[in-house]
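In what follows, a single structure is set out as structure tokens and then discussed.
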Number of protein chains: 2
Amino acid sequence: MLFHIKDQFPELRPYLDKYLEFQERLEVPAKTVLLEEGKISGNYIFVAKGCIRAALNNNGDDKTTQFFFENEGLTSLESFLKNTPSLFTIETIEPSIIYLLPKKYVTALLDDLSHEPRFLKVILGFLAERQLHYMHEFVSFIKDTAEQRYQNMLNDRPHIIQRVPQHYIASYLGITRVHLSRIKSALARKQG
Amino acid sequence: MLFHIKDQFPELRPYLDKYLEFQERLEVPAKTVLLEEGKISGNYIFVAKGCIRAALNNNGDDKTTQFFFENEGLTSLESFLKNTPSLFTIETIEPSIIYLLPKKYVTALLDDLSHEPRFLKVILGFLAERQLHYMHEFVSFIKDTAEQRYQNMLNDRPHIIQRVPQHYIASYLGITRVHLSRIKSALARKQG
DNA sequence: ATTATTCGGTAACATATGTTATCGCCATGC
DNA sequence: GCATGGCGATAACATATGTTACCGAATAAT
């Protein structure tokens, strides 16, 4: 929420720079858990290099719900705002470089920024974008078949397919890895 | 976004009251289209009485994506913020009383409020809530079967099932009305 | 090098869901 | 009163998707 804003909105830079020193830099291998499902989220997480996923345990099977790559940041929003246990586990997929900003600094920063009128539009745009993202995903489940959702991913976010193991992608699409494999071979048969 | 905030946050009332006079009150029968898919959204829509739905045409069949009831407000956010054609048709389900606030007043109000520090938290909380709503819907498609989604709706939003025709609910759940009917009779057989 | 894991493909069968068609009920308009 | 259309249930059949099991390639651990 913070550090990618810095580049897009230079006028806000002074507000943000003040907090950079409080970040903790982590260099971690693949499959490192950054936040466990059921725990309270204590940090804003920024991905400098690598990629990570959000996942939940659904009666024993692991369901991936989101992917994050370089220069994306995340919190378990619900956990962060309401101090409730996180619905998701946050875990690296590749070896990654991560920055953590403890929650107290994030809230302090928000307080700073609430006195800065220009910030309202920034935060509005930022949250609206996330909201539209989830809304599009949701609508896609209503209107599209699994095969169409895979095609959408191929078109809109091909880096996911290139970098992420297939079983994570399958659960993200709401299907099994067997079915995803079938979809791929059906598409290959159709055109190559 | 505006008029239900008024009651929750009395300190913002002066900001909001100024704009009340610009609302247009509409009393309309069921199946009245308030915004057509493909058109640019020109108003913030507030439901005073009745209920409405958002829907889209997917290769000829009508898919309902959201329901709104008394004291809820909506915009086609994407259309509103980016001035792009709305993805959805907005249509009344029951005879309804609707208030419209033209876009220019909404943006003027937001400008007013950007100078009011207390407002940032309000808008943050408000947008976060919408975002969490979509996220939960999205996650539910990943982890739940159609039958479980119907059960969730029964538990969390039973008024929808009571007031909305079944074929709208079916498309909202991502299934056909035939399948929804089967789910209902399966549940009835299980317990009654 | 050798083993153990992870990953992706495929087959056979089971279950979930879609499609089409038919029926009955009920509200509405004529 | 009688049509008409919207709505919901159900059946028969078709397709989509899940489950389990097995294979082989690539990668990591020893």
Side-chain angles (χ1 to χ4, degrees), chain A residues 28-33 50-51 53 55 58-64 67 91-96 140-154 160-190 192, chain B residues 28-33 51 53 55 58-64 67 91-95 140-154 160-190 192:
Chain A
V28 294
K31 301 208 181 197
T32 303
V33 172
C51 73
R53 70 188 185 107
N58 189 45
N59 296 100
D61 48 303
D62 176 291
K63 303 279 188 181
T64 297
F67 301 105
E91 182 186 270
T92 55
I93 294 175
E94 300 172 357
S96 302
S140 168
F141 271 105
I142 288 180
K143 61 186 274 238
D144 298 327
T145 65
E147 181 169 330
Q148 288 170 309
R149 287 200 305 283
Y150 179 72
Q151 289 267 30
N152 294 343
M153 186 183 262
L154 262 178
I160 295 184
I161 288 159
Q162 284 148 16
R163 291 172 64 176
V164 172
Q166 200 163 300
H167 57 286
Y168 294 154
I169 295 176
S171 74
Y172 179 80
L173 292 173
I175 62 180
T176 60
R177 62 215 162 98
V178 176
H179 189 50
L180 177 53
S181 195
R182 279 192 287 238
I183 286 172
K184 284 177 70 173
S185 69
L187 287 178
R189 233 174 298 121
K190 279 181 196 165
Chain B
V28 295
K31 303 210 179 195
T32 304
V33 172
C51 74
R53 70 187 184 108
N58 190 45
N59 297 100
D61 48 304
D62 176 289
K63 302 279 188 180
T64 297
F67 301 105
E91 182 186 271
T92 56
I93 294 175
E94 301 173 355
S140 168
F141 272 105
I142 289 180
K143 62 186 274 239
D144 298 327
T145 65
E147 181 169 331
Q148 287 170 311
R149 288 200 304 281
Y150 179 72
Q151 289 265 30
N152 294 343
M153 186 184 263
L154 263 179
I160 295 184
I161 287 159
Q162 286 149 14
R163 291 172 64 175
V164 171
Q166 199 161 302
H167 57 286
Y168 294 154
I169 296 176
S171 73
Y172 179 79
L173 293 173
I175 61 181
T176 60
R177 63 217 163 99
V178 176
H179 189 50
L180 177 53
S181 193
R182 278 193 287 237
I183 286 173
K184 284 179 69 174
S185 69
L187 288 178
R189 235 174 296 121
K190 279 181 196 166

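Protein chains get the first letters and strands the later ones, always in sequence-line order, with residue 1 at the start of each.
Distance check: Glu147(B) CD to Leu180(B) CG gives 10.5 Å after rounding to the nearest 0.5 Å. Taking NZ of Lys63(A) as the start and CG of Asn58(A) as the end, the distance is 6.0 Å to the nearest 0.5 Å. The structure places CZ of Arg182(B) at 6.0 Å from OG1 of Thr176(B), a figure rounded to the nearest 0.5 Å. The OH atom of Tyr150(A) lies 6.5 Å from the CD1 atom of Ile169(A); values are rounded to the nearest 0.5 Å. To the nearest 0.5 angstrom, Arg177(B) atom CZ is 11.0 Å from Ser171(B) atom OG. Here the CG-CZ distance, from Leu154(A) to Arg149(A), works out to 13.5 Å after rounding to the nearest 0.5 Å.
The distance between atom CD1 of Ile161(A) and atom C1' of dC7(C), rounded to the nearest whole Å, is 16 Å. For Asp61(A) and dT20(D), the CG to C1' distance is 14 Å, given to the nearest whole Å. Distance, Ile175(B) CD1 to dT19(C) C1': 15 Å, rounded to whole Å. When the P atom of dG18(C) is taken as reference, atom CG of Leu180(B) falls 10 Å away, rounded to whole Å. Distance Glu147(B) CD to dA16(C) P: 9 Å, rounded to the nearest Å. Going from atom CD1 of Ile183(A) over to atom P of dT10(C) covers 14 Å, rounded to whole Å. The interatomic distance linking Tyr150(A) (OH) with dG8(C) (P) rounds to 10 Å, in whole Å. In this structure, Arg182(B) atom CZ and dG18(C) atom C1' are separated by 7 Å, rounded to whole Å.
A donor N or O paired with an acceptor N or O is not found under 3.5 Å between the base of dG18(C) and the side-chain atoms of Arg177(B).
Here the nucleotide nearest the side chain of Val178(A), chosen from dT19(D), dG9(C), dT20(C), is dT19(D). Side-chain proximity of Lys184(B) to dG18(D), dT6(C), dA9(D): nearest is dA9(D).
No side-chain donor-acceptor contact under 3.5 Å links Thr64(B) to the backbone of Tyr172(B).
Remark: Ser185(B) is in phosphate contact with dT10(D), judged by side-chain N or O atoms under 4.0 Å from OP1 or OP2.
A residue-by-residue look at Gly174(A) and Ser181(B) shows that Ser181(B) has its nearest nucleotide of DNA chain D further toward the 5' end.
DNA chain C lies under 4.0 Å from at least one heavy atom of each of the following residues of residues 162-171 of chain A: Pro165(A), Gln166(A), His167(A).
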